[in-house]
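A short worksheet on the structure shown next.
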Amino acid sequence: MIRVLLADDEHLIRGALASLLALEDDITVVAEAASGDEALAMARAHRPDVAVLDMRMPGRDGVSVAARLRDEMPECASMIVTSHAGAGALRQALAAGVRGFVPKTVSARRLAEIIRTVHRDGRYVDHELAADAIAAGESPLTAREAEMLSLAEDGAPVAEIASRAALSPGTVRNYLSAAAAKLGAENRHVAARIARERGWL
């Protein structure tokens with residue numbers, strides 16, 4: 001039997017998935033969780049073979065949980081099931097060791113097949129998401145430009161970013177202007193959004 005942990009903050013979706021997977025002869029749902037922290041606790045307690053994680057959950061997100069599971073329980077393969085898919089999310093998930101990345105529109109039968117594939121040390125990435133990630137290409141940003149955009153993402157003023165980065169406000173403005181120009185964005189906020197969507201932050 002393939003022992004599965006389901007983690008999704010939407011109770012209806014999680015319950016429906018558990019019921020549908022229970023119909024499979026070789027899959028058993030050993031634990032369910034509604035948040036990232038609960039998913040980690042359940043994984044530690046139940047030692048699943050595969051963790052099926054929602055991308056966005058309260059507390060830790062699915063990628064963060066997958067990274068912790070990779071470090072703490074390398075025998076547990078992680079999958080992300082999400083309705084918030086994008087090239088950036090896919091890049092982050094793969095970097096965290098996720099072995100499967102699928103949209104929530106996948107059928108229960110197909111999800112069961114993907115769980116089996118991931119359990120056998122295979123990988124599955126939705127083809128449309130993979131194409132988007134490839135199309136996004138490599139980041140044109142320097143490490144410092146990416147850092148400044150990350151600090152600007154939450155709308156912080158230049159003076160605050162400068163203080164947090166231990167740089168002068170003029171230097172921060174230069175980095176942010178260069179990043180915005182490279183991304184064809186009209187300001188730092190749009191540049192940060194573009195860079196995040198493309199998986200460059």
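Remark: Arg164 pairs with Glu160 by the side-chain hydrogen bond (donor to acceptor under 3.5 Å, both in side chains) rule, at least two apart or across chains. Residues passing the side-chain hydrogen bond (donor to acceptor under 3.5 Å, both in side chains) test with Asp37 are Arg60, sequence neighbours excluded. Take Arg3 and apply the salt bridge (charged side-chain N to carboxylate O under 4.0 Å, His left out) test, not counting sequence neighbours, and it matches no residue. Listed by chain and number, the residues in a side chain to side chain contact (heavy atoms under 4.5 Å, CB included) with Asp26 are Ile2, Glu24, Arg116 (sequence neighbours excluded). Checked against salt bridge (charged side-chain N to carboxylate O under 4.0 Å, His left out), Arg47 has the following partners two or more places apart in sequence or in another chain: Glu75. Scanning for salt bridge (charged side-chain N to carboxylate O under 4.0 Å, His left out) contacts around Arg123 gives an empty result, with sequence neighbours left out. For Leu17, the side chain to side chain contact (heavy atoms under 4.5 Å, CB included) partners are Leu6, Ile13, Leu111, not counting sequence neighbours. For His11, the side-chain hydrogen bond (donor to acceptor under 3.5 Å, both in side chains) criterion is met by Arg14, not counting sequence neighbours. In this view, Arg110 and Glu113 satisfy the salt bridge (charged side-chain N to carboxylate O under 4.0 Å, His left out) rule, not counting sequence neighbours. A search for side-chain hydrogen bond (donor to acceptor under 3.5 Å, both in side chains) contacts involving Asp154 returns nothing, not counting sequence neighbours.
The two atoms that bring Pro48 and Ala43 nearest to each other are CD-O, 3.5 Å, heavy atoms only. Residues Glu153 and Ala192 share a closest heavy-atom pair of CG-CB, 3.7 Å. The two residues Met42 and Ala33 have their closest heavy-atom pair at CG-CB, 4.4 Å. Counting all heavy atoms, side chain and backbone alike, Ala156 lies closest to Ile161 at O-CD1, 3.5 Å. Annotation for Ser35 and Pro58: closest pair CB-O, 3.6 Å, computed over non-hydrogen atoms. Across all non-hydrogen atoms, the minimal contact from Ile27 to Ile115 is CD1-CG2, 4.2 Å.
With rounding to the nearest 0.5 angstrom, the OG atom of Ser78 is 9.0 Å from the CE atom of Met73. Atom OG1 of Thr82 and atom CG of Asp126 lie 11.0 Å apart (nearest 0.5 Å). With values rounded to the nearest 0.5 angstrom, Met148 atom CE is found 13.5 Å from Arg173 atom CZ. Taken from CZ in Arg56 to CG in Asp61, the straight-line distance is 9.0 Å, to the nearest 0.5 Å. Rounded to the nearest 0.5 Å, atoms CG (Leu149) and OG (Ser139) are 9.0 Å apart. Atom CZ of residue Arg196 and atom OG of residue Ser150 lie 5.5 Å apart, to the nearest 0.5 angstrom.
There is a path of hydrophobic side-chain contacts, each under 4.5 Å, that joins Val4 to Val102. Both Val65 and Val98 belong to a common hydrophobic cluster when Ile, Leu, Val, Met, Phe, Trp and Tyr are linked at side-chain heavy-atom distances under 4.5 angstrom. Each of Leu53 and Val29 belongs to its own hydrophobic cluster when Ile, Leu, Val, Met, Phe, Trp and Tyr are linked at side-chain heavy-atom distances under 4.5 angstrom. Connection of Met55 to Leu69 is established within a shared hydrophobic cluster, with ILVMFWY side chains joined at heavy-atom distances below 4.5 Å, either directly or through further cluster members. At a threshold of 4.5 Å between side-chain heavy atoms, the hydrophobic network of Ile, Leu, Val, Met, Phe, Trp and Tyr places Leu94 and Ile114 in two separate groups.
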Requested in this report: Apply side-chain contact (heavy atoms from CB on, under 4.5 Å) to the pair Met79 and Val50, showing each step before the final yes or no.
Outcome: CA-CA 7 Å; Met79 296 176 49; Val50 178; 4.0 Å; yes
Query raised in the report: Please walk me through it: do Val81 and Asp8 pass side-chain contact (heavy atoms from CB on, under 4.5 Å)?
Result: CA-CA 9 Å; Val81 181; Asp8 193 310; over 6 Å; no
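Grouped by direct or indirect side-chain proximity (heavy atoms under 4.5 Å, Ile/Leu/Val/Met/Phe/Trp/Tyr only), Leu20 sits with Leu23.
Lys104 has a carboxylate O that lies under 4.0 Å from a charged side-chain N of Asp54, or vice versa, which qualifies the two as a salt bridge.
Not one N or O on the side chain of Ser163 forms a donor-acceptor pair closer than 3.5 Å with the backbone of Ala159. Looking at Thr171, its side chain never comes within 3.5 Å of a backbone N or O of Leu167 through a donor-acceptor pair.
Applying the side chain to side chain donor-acceptor pair (under 3.5 Å) test to pairs two or more places apart or on separate chains, those with a residue in residues 176-191 are Glu145-Lys182.
Residues Ile80 and Val52 have side chains not in contact (no heavy-atom distance under 4.5 Å, counting atoms from C-beta outward).
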